[in-house]
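Everything below concerns the one structure shown next.
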Amino acid sequence: MIIAPSILSADYVNLQKDIETVDKAGAEYLHIDVMDGNFVPAISYGPGWLKAIRPITKMTLDVHLMVQNPERYVEQFAENGADIIGVHVEATPHIHRALQLIKNAGAKAEVVINPGTPVEAIKPVLYMVDQVLVMTVNPGFGGQKFLPKTLKKIQQLDQLKQTEGYDFDIEVDGGVKANTIKSCADAGATVAVAGSYIFDADDPAGQVATLKEATK
């Protein structure tokens, strides 16, 4: 299981230190939640943060755009160092075009679904994505409780991978802890985002190790 610490829960004043800590602990991805105060209530960092982060780590930068009409920002995030860019199917009437733009910009394309959105809503674009993000909480805030019913979506996506021959990763985001990550992995998830579980702890590196151990 690939572990993707979310900097949404990191210490912004000491962000480089927090990033270096999880990098050395063996985290493969760094999850960057971009929020516009429109698609979700909260507001977070923009492309400038990504540009500042890119030189300090070789981790895969996994950018999650929780913004309305994400097509407007794809090129800028790709230019500033995003390796993966995720867009919500609920945030645009042109999900195919948004994913095409990501591919054309040289990044890997990810489609994201909220807890209330069925897998059927993204079936038409699964053939073109590198990753699917299943939100296991409602987007916009850290520290929420994992929603067990989202496991069925992970299972559905894993089944589609087998029957259709797709090779996308399945990422989960929200409420990921040592006691929930194994259920996600057993259902078919291959990437797990964890924010408060890692960065709110006294030993963030130890938390990364615990998550990895829980899925062995």
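What you see is a predicted model, and the numbers here were worked out from it, not measured in a lab.
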To the nearest 0.5 Å, how far apart are [atom1] in [X] and [atom2] in [Y]?
X	Y	atom1	atom2	value
Ile85	Asp130	CD1	CG	11.0 Å
His94	Leu101	NE2	CG	11.0 Å
Leu30	Thr60	CG	OG1	9.5 Å
Gln131	Ile84	CD	CD1	4.5 Å
Ile122	Ile113	CD1	CD1	4.5 Å
Phe146	Cys184	CZ	SG	3.5 Å

Transitively linked via ILVMFWY side-chain contacts under 4.5 Å: [X] with [Y]?
X	Y	result
Leu65	Leu133	no
Phe39	Val63	yes
Tyr166	Val125	yes

So do the side chains of [X] and [Y] get within less than 4.5 Å of each other, counting heavy atoms only?
X	Y	answer
Ile3	Glu28	yes
Ile32	Phe77	no
Pro93	Asn69	yes
Asn104	Val74	no
Met135	Val112	yes
His88	His64	yes
Val22	Met59	yes
Tyr73	Val34	no

For residues [X] and [Y], is any side-chain donor paired with an opposing acceptor at under 3.5 Å?
X	Y	value
Asp200	Ser9	no
Thr190	Asp169	yes
Asp203	Gln207	no

How close do Ile56 and Ala52 get, heavy atom to heavy atom, and via which atoms? CG2-O, 4.2 Å
For Ala189 against Val172, the heavy-atom pair lying closest together: CB-CG1, 4.0 Å
Taking everything shown except [X] itself, do over 12 heavy atoms lie less than 6.0 Å from its [atom1]?
X	atom1	result
Gln68	CD	yes
Asn179	CG	yes
Lys182	NZ	no

Please check: side-chain N/O of Asn114 versus main-chain N/O of Gly116, any donor-acceptor pairing under 3.5 Å? no
Measure from the side-chain N and O atoms of Glu171 to the backbone N and O of Val132, and report whether any donor-acceptor pair falls under 3.5 Å. no
Tyr29 and side-chain contact (heavy atoms from CB on, under 4.5 Å): which single residue from Val193, Asp83, Val191 fits? Val191
With Pro204 as reference, evaluate Asp18, Asp11, Ile198 under the side-chain contact (heavy atoms from CB on, under 4.5 Å) test and give the passing residue. Ile198
Please step through side chain to side chain contact (heavy atoms under 4.5 Å, CB included) for the pair Leu211 and Val208, ending with a clear verdict. CA-CA 5 Å; Leu211 291 174; Val208 172; 5.9 Å; no
When you look at Asp62 and Lys108, which way does the salt bridge (Lys or Arg N to Asp or Glu O under 4.0 Å) test go after all the steps? CA-CA 9 Å; Asp62 179 23; Lys108 290 185 177 181; over 6 Å; no
Derivation and outcome, salt bridge (Lys or Arg N to Asp or Glu O under 4.0 Å), residues Lys17 and Glu20: CA-CA 5 Å; Lys17 180 182 176 183; Glu20 290 172 348; over 6 Å; no
Is the ring pair Trp49/Tyr12 parallel, tilted or perpendicular, if the boundaries are 30 and 60 degrees? perpendicular
